[in-house]
Amino acid sequence: WDEGVIYELGAPGRRGVVPPQSWAPQSGDSLFPQSLRRERDADLPELAEYEVRRHFTHLSQQTMGMMGISLFGTCTMKHNPTVNEQITARSEVAAVHPRQDPSTYQGLLGIVHSLEDELRNLSGMDAFSFQPGGGADAAYLHAVVTRAYHASRGELAQRTHIVTTAQAHPCNPATAKAAGFEVITLPIEEDGYPSVEALKAAIGPNTAALMLNNPDDMGIYNPHIKEFIDAVHEVGGLAFYDNANFNGVMTRLRARDLGFDACMYMLHKTFGVPKGGNGPSVGAYGCSDELAPFLPGPRIVKNGDVYDLIEPEHSVGRVREFLGNVQQLVKAYSWTRAMGTDGLREASDLSLLANNYMEKHLMALKGVTMSFPGKALPRMEMTRYSLEEYTAETGLSTVDVQNRMTDFGIDAYWLAHEPWIVPEPFTPEAGEMWSKEDLDEWIAVLAHVLEEGRRDPELVRTAPHNQVVAQIDGSGLDNPDTWAVTWAAYRRKHGNG
Amino acid sequence: WDEGVIYELGAPGRRGVVPPQSWAPQSGDSLFPQSLRRERDADLPELAEYEVRRHFTHLSQQTMGMMGISLFGTCTMKHNPTVNEQITARSEVAAVHPRQDPSTYQGLLGIVHSLEDELRNLSGMDAFSFQPGGGADAAYLHAVVTRAYHASRGELAQRTHIVTTAQAHPCNPATAKAAGFEVITLPIEEDGYPSVEALKAAIGPNTAALMLNNPDDMGIYNPHIKEFIDAVHEVGGLAFYDNANFNGVMTRLRARDLGFDACMYMLHKTFGVPKGGNGPSVGAYGCSDELAPFLPGPRIVKNGDVYDLIEPEHSVGRVREFLGNVQQLVKAYSWTRAMGTDGLREASDLSLLANNYMEKHLMALKGVTMSFPGKALPRMEMTRYSLEEYTAETGLSTVDVQNRMTDFGIDAYWLAHEPWIVPEPFTPEAGEMWSKEDLDEWIAVLAHVLEEGRRDPELVRTAPHNQVVAQIDGSGLDNPDTWAVTWAAYRRKHGNG
Amino acid sequence: MSQSHPYMANSAEGSRQALLDGIGIADAEELFAQIPADHRADDKVQPVPGIKSEFELRRLIEGRLRGGVSTDSHISFLGGGYWKHHIPALCDEITARPEISTSVWGTPSSDHGRNQAWFEFASELGALLDLEFVGLPVYSWGCAAGHALRMAARMTQRSVVVLPDNIDRERRLVIETYAGYRELGGSLEIREVAMDPESGTVSLPALQEALGDDVAAVYLETPNSWGVIEHDVARIIEAAHAVGADAIVGVDPISLGGLASPAAFGADIIVGSIQPLGIHLNAGGGVGGFIATRDEERYARQFPTLQVSIAPTTREGERAFGMTLFGQSSYGARELGNDWTGNSVYLWAVRAAIYLALLGPAGMRELSETVAANARRTAELIAAVPGVSVRYGDRIFKEFIVDFSGTGRTVAEINAALLDRGILGGHDLTGSHDGLDQCALYCVTEAISEDDVRQLISALEEVVPA
Amino acid sequence: MSQSHPYMANSAEGSRQALLDGIGIADAEELFAQIPADHRADDKVQPVPGIKSEFELRRLIEGRLRGGVSTDSHISFLGGGYWKHHIPALCDEITARPEISTSVWGTPSSDHGRNQAWFEFASELGALLDLEFVGLPVYSWGCAAGHALRMAARMTQRSVVVLPDNIDRERRLVIETYAGYRELGGSLEIREVAMDPESGTVSLPALQEALGDDVAAVYLETPNSWGVIEHDVARIIEAAHAVGADAIVGVDPISLGGLASPAAFGADIIVGSIQPLGIHLNAGGGVGGFIATRDEERYARQFPTLQVSIAPTTREGERAFGMTLFGQSSYGARELGNDWTGNSVYLWAVRAAIYLALLGPAGMRELSETVAANARRTAELIAAVPGVSVRYGDRIFKEFIVDFSGTGRTVAEINAALLDRGILGGHDLTGSHDGLDQCALYCVTEAISEDDVRQLISALEEVVPA
C-alpha cells in the first residue's frame, strides 16, 4: 500500500467513534469560561471507523515487527504467548484502578507478589521493586537508592561518583548522571573486560556505586567480578548488576551470591513480555535487605493471607507513579510459571547452543571477524562480530548489509551500543525461541548479501529494495529547518507534501 | 514471504500447545482396546508455538481480505465493527453451552428475541427463524417449510414444482431441488425481469412456491412483483422473497406488505456481520403467522419477563442443530441498534447514491456497457456491467481485468452468478461504507487497467504481477489425477513438491 | 448539519453532497424511481433511534448479557455433541485479524494466504482421518451426515439409509430434514437399528436384519451419542459393504488422537463436528461439519461442498490454491449441482487448521488419552455415589450415561440443585430413548480438573438422598 | 525423550542435537566455561516445575484473578490522574496485532508502518496542544514533569522550580526524585506555592512572592489535582516569563477538546498523561507521559526522548520516518545526553494515535463537553445529599472535591459502605493537604451514566446519617 499520513485521509465531517452525549441538562456554552475555550476544534483527522481500521492495519502490515526472523542482540527476542495477552485483557487486570483498596484486587497483588518470590529465587536478592518502567529506569532507581542510602549515612556529599564500564549499557552512566553523580567509565582491556587494577585506581572514598553488566553484550563474562565487588565494598560503595543479559546464565548465577547489592532484570526481554515497539516494559529492581528500606512505595507485603501495600521505612519515594506496569508483571509471572526453573535452565542452554552454532558458521564467512578474537572460551548468549574487513574490501558498511538483509525477510540486526568499541559491529542473538532452520536461513542470507556486495556493491549500498520505502535520507534529521516531528511542522516547513 | 505449506515447516518433536495431563491414575494403554487404537500418531505438522503464529500471521498478510477497496457485488461489503467482536468474545456468549437451561442465559436469548423484533419491524413478517447457517440455508428452509405446509394440507404429492427466475441466486433452484421439488426457471425479458405472462404460464396446481429476489443483482426492480405474488397465491403457492439485496430498499419496502409469505435476510451481508471468508453466517428466515407453526425449533418466546425455548406446533424439525450462529445474531443486533431505522434509511440512500455515482463514471469508460441498457430508471444498490465490447476490442476478459486490478490494491470484483446472462460481466457494489475517495480510486484503477490492456494486452492477460503468487493455472483442478485437496494427496500425486 | 455515522463514510455532509453533485441530482429519493409508489412501506416501519456512540452501544448489549451463566462461570458437564475443550489463544488471535475475519472472495492470488489456510485445514483433518479428500466445512455435523447420506444415495441409486436409533435428537432431526418427504423426488427412507442395551453399541443382529439391496448407506457413530466407543466398527462396515451399501461414520475428531480412524476399517465417508477443534461453543453457534472420503473420483464427484486444491501458477515452481470441482456445486450448476452450498463456516476451518497445527501428532494423542482417562475416572467416582450408577463406563471416550433413577430424584431436580452450587449437570436424556428416563449424559474433557469433579461429587452427595 | 517446550523450538530433541552436532560438542554445559566454578549458584535455585500446558497455565492465573473488583465490575468514581474513559475497540484490536505488539527496532524501512504511527501520535497530540514538537512518550505524567523541569533548568541555568502545593502525591514524589539531592550536581530546589482555598487555584500573590531571577520554571496544572480549571493561566505564565522562567503546564488532554491549550497563553512546555487516550488503567500500568514544546531549537535540543521526523528517502517523492536528534539522547551520548531514555511506553503512543484519529476534532470537543457536563451535574446532585458539600463545583472539569466532614463519617467508612453496594467511592484526600480531612476526590467521565449517579446518590443517602 502507498499509505498516506492520516491527515491526508478522510474528509470533513467523518466520524470514527462518537462519544456518548451527556445526560446532564447543562449546555456546552456554560461549561467552560469563554476566555478559556478553544477557539476552534483541534486539527485532528476526520475518518470513518473503517478508514481508521484500514489505515492502522496497513501500517501494521508495513511493520516487519518480529514476524520475520529477528535475532536482535541485547534484546533477547522471545516468544510472547498470546494467552498472556488474553489473560491481561480481563477486567480483573485491565480495568483495575490503581487507587482501589488493596482488598479489592488481592488476586492481582498476589500474582505480583509471587513474581517477586520467583525473582528472589533466581537472584538471591531479598526484595524487588517493579516500579521502574524499563531497564534504564531500574538503573535510575539504583542511582536514586544509592543516593538515599549514602545520604542516610551522612556520606552523600562525599560519595559523588559512580563507576561503570565502556561496555555497560548507556543507561547506566546516563541515569547515574541524571541522579546527580559524576561518572567514571572503565575502559575494556584486551580480555574484553576492564581490569581490576583500573577499577581500583578509579574507586575510593568518593565512590557511591559500581554499575555494570556481566556477561556483557559481546558475550564475554568477567571472571573477576567478585574481586570487583569486593573492591567496591571495601571503599564503601554499592555494587549494581545490570542483568540485561541474564538469558545466558539463568539458574546458573545469582546476583546476590556473587556479592551484588542490587540487580535488574528486564521483564520485557528476558521474561517473555512483548516489547510493544518500545515498551511498556519493566525493569525489575532487586536488592539486599540492607537496601530494601529505601525502595520506592507502594510495596506489596503479605500479612497472613492478605496482600497489602506499604511505604518502606526510608523510601526514596517514587521513580514513577504506583506499582509499575502491572499487566506486564502478570505476563512475566505467567511466562515464568510456564517455563519453570528447568525451562529457564534449558533456555540458557539453548541460547548458548544457538549462539555458538551461529558463531561457528559466521566465522566461516569471509569478511566477518569476532570481537576480542583472543578470547578463546565459548561466548555466552551472543557474540559481537565485525565487518571491518568486509568494509575495507567492499566499502560497504554494516548498516548497508543490515538494510539489504531486510529485503529477505530478516529483521534488522543489532549493531552495538555507543561507544562502538568494535568497528562495523553486528550482534545477532539467537536466544532459545528461534529454530535451527531460522538460524540457518539467517546465516544463509548474510552469506548471500556479503557475496552480493562483492559482485554488486551498489545493490547493497542502495538497499532496501523490497521494503515499503527505500533507504531514508537522514541528512536533514538534525536540522531545525527540516526536521518535522509533527504533521503541522511538516506542512509549515515543507509545504503540503 | 515465500510461505511454505505448514507441513514443510517445523521439525520432529516440536510442540505448539501441550494438552494438560490427566489427573486420573489410569494409564494410556488400558484406555482404548488394542484393536481400535491408532497404529501411529496422525501425520500432523510439528511446530513450536511461535512458528504456528508466524505462519498464520503470514497467511493473513497474504490475504487482501477487505482491507483494500472491495466493492464485491451481491455481498454488500459492510463495516464490521470491532466492538461487536469484543462483545461476542465474552463468556456470556462464547462459552454458553446450547444445552444450558434457558433460565441461565436470559440476556443472550433476550437479545436474539429483540433482533427478531427488529426484523419483524423491517419486514412486516410475523416470525423469524435464525437457524439457517446462511442465505442458501434459508432458501432451503423455505423449501422445507413449503413441503411441510403443503403436506399439512394434503397437497404435497400434487405440488411438486417451485418456480424461480434466471436471475435468482443459484441457491434458490438448488435448495428447491435438494428438498425434492422440480424447478422451473423463468427467463429474463428485455425489461430485465421475467414477464407476468411467463409466470402465469409456468404456474398451476402443481406449484408449491415462487422463490426470487427483487431488486435483483443487476439493480433492477420488478415493478410487477405484486402481480407475481397474487398469481402464485391464486394457484395456491407460497411466495418467498430472497431479500439478499435488501440494502437498496431498507425501510422502504417490507416483504410482507408486498404480499410475500416468507423472506430472507443475510445477516452477514446486510446487517454488518463479518463474513469470515465464507461464514459463519445467518440467513434470517421470516414468515407469516400462517407459516410460523412450521418453523424449526427451538424458537425463543417471551412469557412475561422470561425467555423460553419451544418447539412450534407443526415444526419441520431442524435444518441444523440448535439456535443457529448465535454470536452472529448478537453482532447483527448490535449493528442494527447502532444504525437505527434512520441509519438504515440513510444507508440505502448512500448505497444508491454511490452506485449511481459509479455508474455515471463507469459508463463514461470506453468498452464498458451496462446490462439492459434500455432500462432508463436509476439502478438500485448495484449495476451489472459488461466488458463485451472491450473483450471484442482487446481479447481481454473480465477475469483478466479483475486480476490486474488486484495489483493496485483493489479487491477482486464480483462477476455474476450462473448463468451469465450478461457477457463478460462485472458487478461492483459500492454500499454505504466506502468513501467517495475509495470509489474514485476504484474507477481510476479500472480506467487505468482498461487503457493498459489496450497498450499492452499481455501485461493484463498475465496479471497479477504484484501479488504473492502469479495467476493460477487451473487446468488440472477438475482432473482426478492432478487435483489435491490435502497435502497427503499432493505428495502422492506430485511427489514432495 | 446532522452528525455523520461512523459506519458510513459518505454520511458526512460534504461527501454525500459530492455524490449528489456527481450524479447531478438534488435528492437521493430520486434514485428510488424504480419502485412503484404503492410498494413503498416507509410509514409502516416503526422508527428506532440509532446509537452512534460505541460506548452506549456496548453498555446496552453488555448490560443485557451481564450475569449470564456459561461454561466459564460454572463447572460444566454438558456435552452431547457440543464440547467444552480448551481453545488455544492463537485460534482467537489469528481469526480475529480482519484480513481473515472480514474477508470475502478474492482471486486465488489476492486471497492466497487464506486459501492456503483452508487447504491446510483439509490436509490436517485428512491426516487425522486417514483420508485424502476433505471438503470445506458445512454448517454442522447433522448437515454433514445429511449430505453424506444423499451422496451415498446418488452413488448407489438406492434410497434406504440405515441409522442407529440413539442418534442425538438435534442431529437426528437434521438428518430427517435432509431425507425429505416421500411425496417428492430424491427422498431417503430411514430405517432404524436398535442399540444393544447391554453394550450400548449397535446391535449387530438387528443391523443384519435391516440390511438389504435397497440400502444406500449405513450410518453409525463412534463414540456414539451415548458416549460409547463402537467396538465392532469393522464388522458393521463389512456388513454394509456386503450389500453394496456405503459405510458412513460420524466421529469426534478429538477421539482420533488415540483411536484409529474408521477409514482404517473401510469406512467410505467420515463425517463429524469440527467444533472441538478450537471453536467456542457460542450457544450452539460454534458448530461446523466435515465430509471426507478417499480421494476417489466416485466420491469426489458427489461432494456438495467447495474445496481448494493445490495447483501450479504461471510462474515456474510456484503453487497456488484454487477451487476444484466447482462446476458440480450449486454455484456452478444451480439445481443440477450436488445439493447446494453457500456461505458456510469457513472461518472455523481456519480455527481448526491452527488448532491441529498447534496440537500436532503427540498433542492429539495425549489429549485423547487425557480426555478418556479423566472421563473414565469421573465415571467411577460418580458411580460410587449411593443410588447413582453409570452405564458402559468401561467403553466410553468422554461422555457417559449416568442413571439417577435409583435416587428418587429427577435429573431436572438434580440439575437445578447442581446449578445452585455452580455446576451445570449433564444433559437430561429423559424421554430420548427407551430406558433412559432420569438418566443424564455427562461429558468430561481435559478442561475438567480433579477439583471440579470433587465439587461435583460433594454436590451430588448433598443432593441425592442417602 | 523429554517433551519439548512450546516456547523453545530447539528444545525438540532433534533440533537440540543438531545444534550440538553443529558445534561439535556433547553437552551444552561445555559452553559455560567462561564462568568460574565458584560463581555458579545452580544448587541455590529452588526448583519450580514448568507448566507446559496452556490450559493449566491459564487456569492457574485466571483462577487467582477471579473475583477481583474493577472499574468494570463496579461503578467507579476514582480518579486523581488515572481516569476511566471509554476505550474504543479498535485501540485494542490494532495494538494486539503482533506486528505492533511484539515489534522491537527495525530499520526505517522495515518498521516503516509503526514509525509512521508514532509520527501520527505526535502530530495528533501536537494538534490538540497547538504545539509542533512532541517527544515520544515517557513513563508517566510525573516523569514528564520531572524531565520538563530539568529541561528548563538546563536552558535557564537556574535551579529553582516553583510548584503548587496541591500536586497529587504520587506525581509529586516522582518530581521530587527527579529534582535530586542538593549534595549532588544538577539538583533542583523545589519552591512551593500555596493554593488559594477560596478558588481552588494557585494563589497569584503567593506565586509572585515565590518568583525571582533564580527560578528556572513555574509548573502548574489545569485542571489541577483538585479538579479545578485554572482560570488565570495567562497571568501565571506571564509572571513566570517576567522573571525569565519557563512556564510548564500539566494538562489532561481530554479537557483540550473544549479548553484552549495553554500554548495559546504562552506555555513553553506542556506535559501530561496519555492514559485517557485509549489506554486501559491496568492497575496503574496504563500510564504514559508526554512532553511537547514549540518547534524551536532552544527547546528541541533539550528533549531527553526519542522522536521520529518525516524525512525523504532515496526514491524521489517518497517519505520515511527517522529519528531526529538521536545524538542528544542517552543512546547517542551516554552520560552527556539529556537525562536518559530507554524502553518506554511506545505501544501506548499507537493507542493514542488511534484514539485521537477515531475521535477527531468534533469527537474531542463533544467528549470534553460531555465529561464536564456529567461531572458538574454529579457534583450538584452529591452536594444535595444532607451533610455533604462539594468544593469549587462551578470550576471543575471532571474531578471535584466532596467534603464529608459534616457527616460524622470518615471517607474510609463511606467508601467501605459504597463498596458493599457495588460502588468505588472517590479517592480519600484525608491528610493530603491542609483542610482536606474527610474529603474525597470524585471523578466523573462520559463512562458514568445517569443511573450510575442515581445509584451513588441512593447509596450515599443510606450511608450518610440524615
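Proteins come first, then strands; the chains are lettered A, B, ... in the order of their sequence lines, and each starts at number 1. Just so it is clear, the values below take in all heavy atoms, side chains as well, and ignore hydrogens, waters and symmetry mates.
Neither the backbone nor the side chain of B:Arg14 comes within contact range of chain C; no heavy atom of the residue lies under 4.5 Å from a heavy atom of that chain. Of the atoms belonging to C:Leu256, heavy atoms from both backbone and side chain fall under 4.5 Å from chain B. Of the two parts of B:Gln21, only the backbone, made up of N, CA, C and O, holds a non-hydrogen atom closer than 4.5 Å to a non-hydrogen atom of chain C. For B:Ala151, the part lying under 4.5 angstrom from a heavy atom of chain C is the side chain only. Both the backbone and the side chain of C:Glu450 come within less than 4.5 Å of a heavy atom of chain B. Only the side chain of C:Leu424 comes within less than 4.5 Å of a heavy atom of chain B; its backbone N, CA, C and O stay farther away. With a threshold of 4.5 angstrom between heavy atoms, C:Glu62 approaches chain B through side-chain atoms but not through N, CA, C or O. Proximity to chain B (any heavy atom under 4.5 Å) is shown, for C:Ile354, by both the backbone and the side chain. Of the atoms belonging to C:Val134, heavy atoms from both backbone and side chain fall under 4.5 Å from chain B. Using a 4.5 Å cut-off between heavy atoms, B:Lys436 contacts chain C through both its backbone and its side chain. At a 4.5 Å heavy-atom cutoff, the contact between C:Leu20 and chain B is made by backbone and side-chain atoms alike. Interface remark: C:His5 contributes side-chain atoms only to the contact with chain B (heavy atom separation under 4.5 Å). With a 4.5 angstrom heavy-atom cutoff, B:Val18 touches chain C only via side-chain atoms. If you measure heavy-atom distances from C:Leu128 to chain B, the contacts under 4.5 Å come from both the backbone and the side chain. For B:Leu258, the part lying under 4.5 angstrom from a heavy atom of chain C is the side chain only. B:Ala488 touches chain C through backbone and side chain together, each having a heavy atom under 4.5 Å away. Heavy atoms closer than 4.5 Å to chain B are found in both the backbone and the side chain of C:Ala353. Using a 4.5 Å cut-off between heavy atoms, B:Gln106 makes no contact with chain C at all. For chain B, no part of C:Ser187 is nearby; none of its heavy atoms comes within less than 4.5 Å. In this structure, chain B has heavy atoms under 4.5 Å from both the backbone and the side chain of C:Trp141. Contact annotation for B:Ser91: both backbone and side-chain heavy atoms come within less than 4.5 Å of a heavy atom of chain C. In this structure, the portion of C:Thr341 lying under 4.5 Å from any heavy atom of chain B is its backbone and not its side chain. Only the side chain of C:Arg97 comes within contact range of chain B, with heavy atoms under 4.5 Å apart.
The candidate from B:Gly107, B:Gly276, B:Pro81 with the greatest count of non-hydrogen atom pairs under 4.5 Å with chain C is B:Gly276. Put simply, of B:Pro464, B:Ala178, B:Gly16, B:Ala95, the one with the most heavy-atom pairs under 4.5 Å next to chain C is B:Ala95. Contact count against chain C (heavy-atom pairs under 4.5 Å) is highest for B:Gly277 among B:Gly317, B:Ala157, B:Gly277. Residue with the most contacts toward chain C among B:Pro274, B:Gly343, B:Gly340, B:Gly133: B:Gly133 (heavy-atom pairs, distance under 4.5 Å). With chain B as the partner, the residue from C:Gly257, C:Gly186, C:Ser76 showing the most heavy-atom pairs under 4.5 Å is C:Gly257. Contact count versus chain C (heavy atoms, under 4.5 Å) is highest, among B:Asn356, B:Thr406, B:Asp43, for B:Asn356. Options C:Val233, C:Ile100, C:Thr95, C:Asp92 differ in how many heavy-atom pairs under 4.5 Å they form with chain B, and the most are formed by C:Ile100. Of the listed residues (C:Gly327, C:Ser261, C:Gly332), the one with the most heavy-atom contacts under 4.5 Å to chain B is C:Gly332. Contact count against chain B (heavy-atom pairs under 4.5 Å) is highest for C:Gln116 among C:Glu54, C:Gln116, C:Glu176, C:His86. Note on B:Val249, B:Val96, B:Leu377, B:Asn278: by heavy-atom pairs under 4.5 Å with chain C, the leading option is B:Asn278.
Using a cut-off of 4.0 Å between Lys/Arg side-chain N and Asp/Glu carboxylate O, C:Glu446 and C:Lys84 are scored as not salt-bridged. Ionic pairing of C:Glu93 and B:Arg53 is present here: one or more N-O contacts between side-chain nitrogen and carboxylate oxygen are shorter than 4.0 angstrom.
Counting only heavy atoms from C-beta outward, the side chains of B:Pro215 and B:Ile220 never approach each other to under 4.5 Å. Residues B:Met339 and C:Tyr7 are in side-chain contact: their nearest non-hydrogen atoms beyond the backbone lie under 4.5 Å apart. Using a 4.5 Å cut-off on side-chain heavy atoms (C-beta onward), B:Trp434 and B:Ser70 make contact. With a 4.5 Å cut-off on side-chain heavy atoms, B:Ile472 and C:Thr314 do not count as touching.
Here C:Leu60 contributes atom CG and C:Ile51 contributes atom CD1; the two are 5.0 Å apart, rounded to the nearest 0.5 Å.
A donor-acceptor pair under 3.5 Å links the side-chain atoms of C:Asp111 to the main chain of C:Gly106, judged by distance alone.
Listed here is the closest heavy atom pair of B:Tyr105 and B:Gln100: CE2-O, 3.5 Å.
B:Arg252 forms a cation-pi arrangement with C:Phe32, by the criterion of a distance under 6.0 Å to the ring centre and an angle within 45° of the ring axis.
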Worked verdict on B:Arg37 versus C:Glu369 for salt bridge (charged side-chain N to carboxylate O under 4.0 Å, His left out): CA-CA 11 Å; B:Arg37 290 186 71 84; C:Glu369 289 170 356; 3.4 Å; yes
Trace of the salt bridge (charged side-chain N to carboxylate O under 4.0 Å, His left out) decision for B:Arg15 with C:Glu366: CA-CA 12 Å; B:Arg15 305 296 293 264; C:Glu366 292 166 5; 2.6 Å; yes
Stepwise ring pair (Phe, Tyr, Trp, His ring centres under 6.0 Å) check, B:Tyr490 with C:Phe119: CA-CA 11 Å; B:Tyr490 178 71; C:Phe119 174 81; 7.2 Å; no
Test log, rule salt bridge (charged side-chain N to carboxylate O under 4.0 Å, His left out), inputs B:Asp349 and C:Arg16: CA-CA 9 Å; B:Asp349 276 9; C:Arg16 184 187 172 107; 3.0 Å; yes
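Here the rule is side chain to side chain donor-acceptor pair (under 3.5 Å) with C:Ser140, and of B:Arg320, B:Arg318, B:Glu321 only B:Glu321 fits it.
Checked against a 6.0 Å centroid threshold, the rings of C:Tyr346 and C:Trp118 count as neighbours.
The aromatic rings of C:Tyr331 and B:His417 lie parallel to each other, their planes meeting at an angle below 30°, with 60° marking the opposite boundary.
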